[in-house]
Amino acid sequence: MDQKTSLPLPSFPHLAWIIAGILFIAAWFLWFAGKGLLAPFSGDDMMNLHGYLMKPSRALLLDNLRYWSPSYRPLGGLFYVPLYHLFGLNPLPFRTVCFVILGLNLVLTFWFCRLASGKTHVAYLATFLVSYHAWFIDLYYSSGTIYELLCFFFYFGAFILYIRIRQAGRIPSAMESVGLAALYVCALNAKEMAVTLPLFLTLYEWIYHTPRMTARSAIAWPIREGRFALVTAALTIPYVIGKLSPSSAFTKISSYDVSVSPGKFLDAFHLYLNPLLYQNHFFRDPNTIRLLIAMLLLAILSRSRALIFSWFFLTLSLLPVAFIAHYAAFFQYIPSVGWALYAAVSLTMILDALFRAMRKLWPAFPKLEMGCRGAAVLVGVLACLLAPLHARESARTYRGFLSVQPPARQMAAELLRVQPRMKRGARVLFAGDPVPRDTYFLLYVTRLTYNDMAIEVTKTDQPPAAGVNPEEYDSAFSYNNGRLDPMPMRQKDGSAGPR
């Protein structure tokens, strides 16, 4: 198998190709996803922001230290609350931070794939493949996916630093282990997908630094090479217990109920595989199994550590969401790195083998091999093939995304139009609801618009149901055809007028 060593810095020509590649990927990403920078708040944003504001700031900070607590993804609170206090309900700062993290995550993808494969051109190709996916629409248009973005950032940040230490021929020192553990805890505080890191640290050690199969080495491995993997595993146990405790938010949502079985895993795997490859129902149990077996055989026969590792990564990184009913295509955000790395390594390997075979059959055939220039050409070809697919699927997923978003921006603007100021702790009546299927939308948008978590909201039909007296409320509004108006109230002289 190929050996792993510390990677040298790229030469100037290679560096020029890398810079050109970065600019191309940035342009590609912004062409397809850039409109998300101007997206309004999503329904998830309103729910998340309201939930964090209901907590004291001190509790948000403590929850990030007590990562094992049943609190809901506390790192997200350190994103939402400060930005809200600084900018209010202006979505642009939130979207800007999300896009900065998206860009940094592409840098981490490149770095991770370069370390895992040992080849810059493989990393470039893999990063291009990860840079945009139409079914990850929420990542680009909803700040509610900050959990995925932060989890990805800290997960691969910890993994990259660990690999660099090991490729330098060292085992993490005590201080390095503390720093790596802090990054892992941040990933856990962002989202549950991070729990697979101990598993992949172990697999990385066994694939890239295979221990000798002796009784002595088996005893020494947990103390030396496997030490940090065991540390992260120990950190994971109280975290899992906390998230599965009765007081956890996840145990109160039926779509997060866990049902573990091999069949459930296989069903979930091809449920996510189809949109990942822009398919509807092409992959089912039989051909999914055949695909995975064929990919594993290619990895083993090629004796490529990168292919073997990426096969395990793309297969097992889905475990945290494989046994629940809740589904979202962007849950593949972390696993997609494994798919991209596998595709990049196998494509370049196959093309190199094809070039060698052509030279044997035809000695005059140019001496070609995959490098930075070859990867640039390949990316150009793939871009031509993927652009129409991305465009088609982007239009489809964007329509679906918009269809489930409540009119948060419009409703906040209507509230401020008819009543720029609201009494603190006011009791508010709404006759008519723009999103009747969402029980709490009006509560969230009203409290967040006026930055008052003590506001009480009551909803009724339009016109008001019998027995509902608008005069009992501090403010009363009627909602019709997208327009909010003050409800007519009885004046002291007995005449009717707006309140």
inquiry  = Could you tell me if the side chain of Met193 sits less than 4.5 Å from the side chain of Pro335, heavy atoms only?
reply    = yes
key: Salt bridge Arg447-Asp452, side-chain N to carboxylate O under 4.0 Å   = no
key: Side-chain heavy atoms of Ser71 within contact of Asn189, under 4.5 Å   = no
task = Taking the six-membered ring for Trp and the single ring otherwise, decide whether the centroids of Phe112 and Phe159 are under 6.0 Å apart.
result = yes
message = Between Phe200 and Tyr204 (judged by ring centroids, cut-off 6.0 Å), do the two rings come close enough to count as a pair?
response = no
inquiry  = Using the ring centroid of each side chain, check whether Tyr327 and Tyr272 are separated by less than 6.0 Å.
reply    = yes
key: Aromatic ring proximity Phe323/Tyr256, centre distance under 6.0 Å   = no
Spacing of Leu203 atom CG and Phe313 atom CZ [to the nearest 0.5 Å] = 10.5 Å
request  = Going by the side-chain contact (heavy atoms from CB on, under 4.5 Å) test, name the single residue among Tyr132, Phe401, Phe32, Tyr398 that passes it with Tyr140.
outcome  = Tyr132
request  = Measure centre to centre between the rings of His133 and Tyr278, then say whether the value is under 6.0 Å.
outcome  = yes
message = Measuring centre to centre across the rings, with the benzene-like ring taken for any Trp, is Tyr440 within less than 6.0 Å of His50?
response = no
request  = Verify whether the ring centers belonging to Phe99 and Phe29 lie closer than 6.0 Å.
outcome  = yes
